[in-house]
Amino acid sequence: MKEVIQELLGQALHQLVKKDYLPGKVTDHPAADIEITNCPDPAKGDYASNIALKLAKIAGMPPMQLAEMLVEHTSRSRHIAEIRADSPGFINVKLADNCLFKLVVDVLEAGDRYGHKQPEQRQRICVEFVSANPTGPLHVGHGRGAAYGATLSALLDAAGYDVHREYYVNDHGRQMDILAVSVWLRYLELCGEQVSFPVSGYRGDYVYDIARLIRNEHGDHLRHNRFEVSDQLPADASEDGSSGDKEKHIDALIRRARALLGEDGFRIVFKSALQAMLDNIRTDLAEFGVEFDEWFEEHKLDQSGAIDDAIQRLRDAGHIYEQDGAQWFRATEFGDTQDRVVIRDNGRKTYFASDIAYLESKLKRGFKPAIYSFGADHHGYIPRLKAVAQGLGHDPDDIEILLVQFANLFRGGERLSMSTRSGEFTELRQLREEVGNDVARYYYIMRSHNQHMDFDLELAKENDLDNPIYYIQYAHARIASLFRKLEAEGVRYNQAIGIASIKLLTNDYEQQLIRGLLEYPEIIQSAAEKRSPHILAHFTHELARKLHSYYNAERILVDDENLRNARMALLTATAQVLRNALRIMGCSAPEQM
RNA sequence: GUCCCCGUAGCUCAGCUGGAUAGAGCGAGCGCCUCCUAAGCGCUAGGUCGCAGGUUCAACUCCUGCCGGGGACACCA
């Protein structure tokens with residue numbers, strides 16, 4: 001609808017230029033881009049444009065006069081009931097009733113697809129999110145990234161993009177080695193060996209679970225006695241950190257494990273750990289309603305030679321140099337604060353080297369853009385990834401990096417520690433079990449992603465009377481309940497009669513609801529463009545509010561057959577939009593509460 | 001020290017990529033069920049939009065500085 005008005009005003013503008021009322025430069029000016037907003041005052045209209053205010057100076061006339069001229073030259077349309085200039089120069093447009101009534105029918109016809117674009121040619125977009133290291137279960141912080149990424153993906157899909165959801169599995173690095181060693185040590189413990197556990201090791205109970213699995217399958221085959229394991233290792237850090245070196249210790253322990261187990265034995269432990277963690281994460285996310293099209297494994301980049309190829313490309317382009325025995329990428333050339341090592345002096349590739357190959361892989365696969373969703377602590381990655389994109393000869397705008405700020409957990413005003421060590425409340429799974437998936441999904445996305453947020457479990461769970469997601473779901477359930485009620489009374493809903501009588505929906509509440517439905521497609525587009533799922537969350541809450549107001553003010557199941565069916569048709573359409581929106585947010589739309 | 005995010009009503013947050021009287025929820029106060037789920041609705045109170053400058057016809061929105069909160073600055077992953 002906005003496009004229609006935009007078009008009409010555009011034509012008016014061109015006419016004025018053609019008739020020489022306005023200088024030609026007006027239409028060339030960037031400000032001639034006509035934007036249509038929702039009119040703040042419903043009495044004045046449905047839509048508004050500030051075009052006359054923006055162009056007044058270039059046109060050389062007062063904004064009000066320009067607005068009036070534009071109104072005069074806007075051709076009549078059956079969609080528009082009234083168009084007028086209001087001081088200080090806004091153009092307000094009131095939609096024709098027919099147009100609004102027809103919209104209800106549109107919603108009913110489109111059903112699940114209402115508001116969702118399906119263009120012929122869908123642009124391919126990649127959304128990479130979560131990508132937590134598989135060294136432990138997902139924690140509450142990952143939850144926000146998961147909810148954000150999943151909702152953003154669904155939003156982009158609804159907005160007409162071909163979305164590829166991807167999880168980058170860091171299965172290659174030192175942290176994974178540390179997990180493997182941690183598992184092995186717990187395994188030895190289960191075998192009855194008295195081994196000490198390193199400070200840097202992973203301590204969660206899940207480590208024991210994996211160790212137990214390995215022991216069930218391999219018995220004592222991987223057992224070595226504690227003297228072999230710990231003989232002549234550099235000292236671990238002491239509890240207070242005053243002596244020893246935990247990093248040296250753990251690295252030596254990794255080498256020792258490799259030596260004792262042999263590459264095959266180590267791989268058994270390593271793979272079991274990786275597999276178990278990935279299963280854990282995958283299940284957790286699936287239960288949370290978060291699915292991926294691809295789990296992209298880092299080690300394959302190395303195996304396939306993609307990392308070497310990518311580095312070679314940078315080298316050929318003159319962006320790699322050697323210093324202190326290491327190979328560096330000249331990131332400063334593209335605005336990063338410092339150059340970055342890609343191959344260490346010991347010959348090992350850095351994590352960053354994988355990043356380079358991964359970025360190349362995404363762009364080679366034709367994603368435009370490739371979206372990265374990171375935790376806010378990764379903001380330092382933006383310049384270096386943008387630098388890589390340029391170094392590889394791509395447009396830096398082809399990658400888009402979105403930062404999701406942290407979520408602080410509270411319980412009744414008291415801040416909960418999220419560190420694994422104190423372990424009061426850390427796992428996403430715990431959160432889901434405590435508050436439920438719907439609540440968690442909605443709470444995570446109801447705030448702008450670049451806003452720090454406070455997630456109070458007390459408000460999310462116990463105080464469910466005031467819970468916004470229940471409020472929304474209740475609106476949906478209320479509509480369903482009306483249909484049940486009708487059926488119980490032995491009366492049938494007749495949609496054909498409803499549509500034929502749709503013009504009876506003239507009161508304020510009904511008009512407001514219809515306008516809400518009208519707004520939905522615009523909300524989808526704008527939320528997707530701005531990468532801001534919270535816009536949809538707010539809209540849905542607002543639509544539910546309109547429904548509740550209507551329900552309280554008017555009786556729906558009236559005796560008059562025409563009016564009753566018309567109202568039911570409107571409610572059917574409203575329920576449809578609520579359902580569509582809830583689906584995008586990953587929340588259920590219950591029939592009953 | 002450099003960089004990123006944030007500072008709007010008692011609390012948690014919106015504010016549509018500068019526009020017409022700054023909004024919502026919670027909390028506070030007052031009302032509304034012989035009637036379709038009161039998990040609801042209506043009304044009232046409450047804000048120098050952190051502070052100081054600047055750009056503009058117009059600034060909560062853009063720029064600069066300062067103050068305050070959070071975070072990042074590895075041949076870690």
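Every chain is numbered from 1 and lettered A, B, ... according to where its sequence line falls, protein lines coming before strand lines.
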Atom pair distance, as rounded to whole Å: CD in A/Gln405 and C1' in B/rA72: 11 Å
Over how many whole Å does the gap from A/Gln512 atom CD to B/rA24 atom P extend? 14 Å
Between B/rG25 and B/rG1, how far apart are the two P atoms, rounded to whole Å? 43 Å
Using a heavy-atom cut-off of 4.0 Å across all strands, would you classify A/Gln592 as base, sugar-phosphate, or nothing? base
Heavy atoms under 4.0 Å, any strand shown: does A/His534 hit a base, just sugar-phosphate, or nothing? sugar-phosphate
Could you tell me how far apart A/Gln338 (CD) and B/rC76 (C1') are, to the nearest whole angstrom? 14 Å
Can you tell which of B/rC4, B/rA14, B/rA38 lies closest to the side chain of A/Arg447? B/rA14
Nearest 0.5 Å, what's the CD-CG distance between A/Glu333 and A/Asp339? 9.0 Å
Which listed nucleotide (B/rC73, B/rA20, B/rG19) is nearest to the side chain of A/Asn50? B/rG19
Any A/Gln525 side-chain nitrogen or oxygen under 4.0 Å from OP1 or OP2 of B/rC16: no
Run A/Phe329 and A/Tyr321 through ring-ring contact (aromatic ring centres under 6.0 Å, His included) and show every step you take. CA-CA 7 Å; A/Phe329 167 57; A/Tyr321 64 94; 9.4 Å; no
For B/rA52, give the paired nucleotide (Watson-Crick: N1-N3 plus N6-O4 or O6-N4; G-U: N1-O2 and O6-N3; both under 3.5 Å), or none. B/rU64
Value in whole Å for how far the P atom of B/rG70 lies from CZ of A/Arg144: 17 Å
Please state the C1' separation for the pair B/rG71 and B/rC63 - nearest whole angstrom. 24 Å
Report yes if the ring of A/Tyr471 lies under 5.5 Å from the six-membered base ring of B/rA39 with planes under 30°, and no otherwise. no
Using a 6.0 Å distance limit plus a 45 degree cone around the ring axis, check whether A/Arg545 lies over the aromatic ring of A/Tyr471. no
Are the side chain of A/Asp171 and the backbone N or O of A/Glu297 linked by a donor-acceptor pair below 3.5 Å? no
Nearest-neighbour nucleotide for the A/Ser549 side chain, B/rC41, B/rC13, B/rA20 considered: B/rC41
When we call it a touch if two heavy atoms are under 4.0 Å apart, what does A/Glu298 touch: a base, just sugar-phosphate, or nothing? nothing
Side chain of A/Phe406: nearest nucleotide among B/rG71, B/rG19, B/rA20? B/rG71
Mind checking who B/rG31 pairs with, Watson-Crick or G-U wobble, both distances under 3.5 Å? B/rC41
Distance between C1' atoms of B/rC6 and B/rC13 (Å, rounded): 12 Å
Euclidean distance, atom CD of residue A/Glu522 to atom P of B/rU17 [Å, nearest integer]: 12 Å
Figure out the CG/P separation between A/Asn38 and B/rU17, and round it to whole Å. 11 Å
Result for 5'-nearest mapping on RNA chain B, choosing between A/Pro40 and A/Ser481, is A/Pro40
With a non-hydrogen cut-off below 4.0 angstrom, is A/Asn170 in contact with a base, only sugar-phosphate, or nothing? nothing
P atom, B/rG10 versus B/rG18: distance in rounded Å? 29 Å
Looking for any heavy atom pair under 4.0 Å, which part of the strands does A/Ser448 touch: base, sugar-phosphate only, or nothing? sugar-phosphate
Reckon A/Arg555 touches a base, only the sugar-phosphate, or nothing at all at heavy-atom distances under 4.0 Å? base
Have a look at A/Ala48 and say if it touches a base, only the backbone sugar-phosphate, or nothing, with a 4.0 Å heavy-atom cut-off. base
By the 4.0 Å heavy-atom rule, please label A/Tyr551 as base, sugar-phosphate, or nothing. base
Spacing between A/Met446 atom CE and B/rG15 atom P, to the nearest angstrom: 13 Å
Do the numbers put A/Arg258 on top of the ring of A/Phe266, so that NZ or CZ is under 6.0 Å from the six-membered ring centre and no more than 45° off the axis? yes
From the options B/rA20, B/rC41, B/rC36, select the nucleotide whose nearest atom is closest to the side chain of A/Asn552. B/rC41
How do A/Thr135 and A/Leu53 order along RNA chain B: which one's closest nucleotide is nearer the 5' end? A/Leu53
Under 3.5 Å donor-acceptor, A/Thr332 side chain and A/Arg330 backbone: no
Taking only side-chain N and O atoms of A/Arg478, does any of them lie within less than 4.0 angstrom of OP1 or OP2 on B/rA38? yes
Within the 4.0 Å heavy-atom criterion, would you say A/Asp324 contacts the bases, only the backbone, or no part of the nucleic acid? base
Taking the side chain of A/Lys485 as heavy atoms from C-beta outward, which of B/rC75, B/rC36, B/rA14 is closest to it? B/rC36
What contact category does A/Met176 fall into here, base, sugar-phosphate, or nothing, at under 4.0 angstrom with non-hydrogen atoms? nothing
Has the side chain of A/Gln451 got a donor or acceptor atom that lies under 3.5 Å from a matching backbone atom of A/Ser448? no
A/Asp41 has its side chain closest, among B/rC6, B/rC4, B/rU21, to B/rU21
Looking only at N and O atoms, is any donor in the side chain of A/His538 or the base of B/rC13 less than 3.5 Å from an acceptor on the other one? no
Are the ring centres of A/Tyr520 and A/Phe539 closer than 6.0 Å? yes
Measure from the side-chain heavy atoms of A/Asp454 and tell me the nearest of B/rC76, B/rC13, B/rG71. B/rC13
When all nucleic acid strands are considered with a 4.0 Å heavy-atom cut-off, which category describes A/Arg384: base, sugar-phosphate, or nothing? nothing
Does A/Lys44 put a side-chain nitrogen or oxygen below 4.0 Å from OP1 or OP2 of B/rA20? no
Measure from the side-chain heavy atoms of A/Lys57 and tell me the nearest of B/rC57, B/rG71, B/rC76. B/rC57
The residue among A/Tyr168, A/Tyr167, A/Tyr351 that forms ring-ring contact (aromatic ring centres under 6.0 Å, His included) with A/Tyr358 is A/Tyr168
For the base of B/rC6, is there a side-chain donor-acceptor partner from A/His452 under 3.5 Å away? no
Please state how far atom CD1 in A/Ile556 lies from atom P in B/rC41, giving the value in whole angstrom units. 14 Å
Nearest-0.5 Å distance, CZ of residue A/Arg174 to OG1 of residue A/Thr135: 12.5 Å
What does A/Pro88 touch in the nucleic acid at a heavy-atom separation under 4.0 angstrom: a base, only the sugar-phosphate, or nothing? nothing
Taking syn as any angle within 90 degrees of 0 and anti as the rest, which one fits B/rC6? anti
Classify A/Asn450 by what it touches in the nucleic acid, base, sugar-phosphate, or nothing, heavy-atom distance under 4.0 Å. sugar-phosphate
Would you kindly check whether a donor in the side chain of A/Asn92 faces an acceptor in the base of B/rA20, or vice versa, at under 3.5 angstrom? yes
Name the nucleic acid region contacted by A/Ala475, choosing base, sugar-phosphate or nothing; use a 4.0 angstrom heavy-atom cut-off, strictly under. nothing
Can you tell which of B/rC6, B/rC41, B/rG19 lies closest to the side chain of A/Arg545? B/rC41
Strictly below 4.0 Å: does A/Thr350 bring a side-chain N or O up to OP1 or OP2 of B/rC75? no
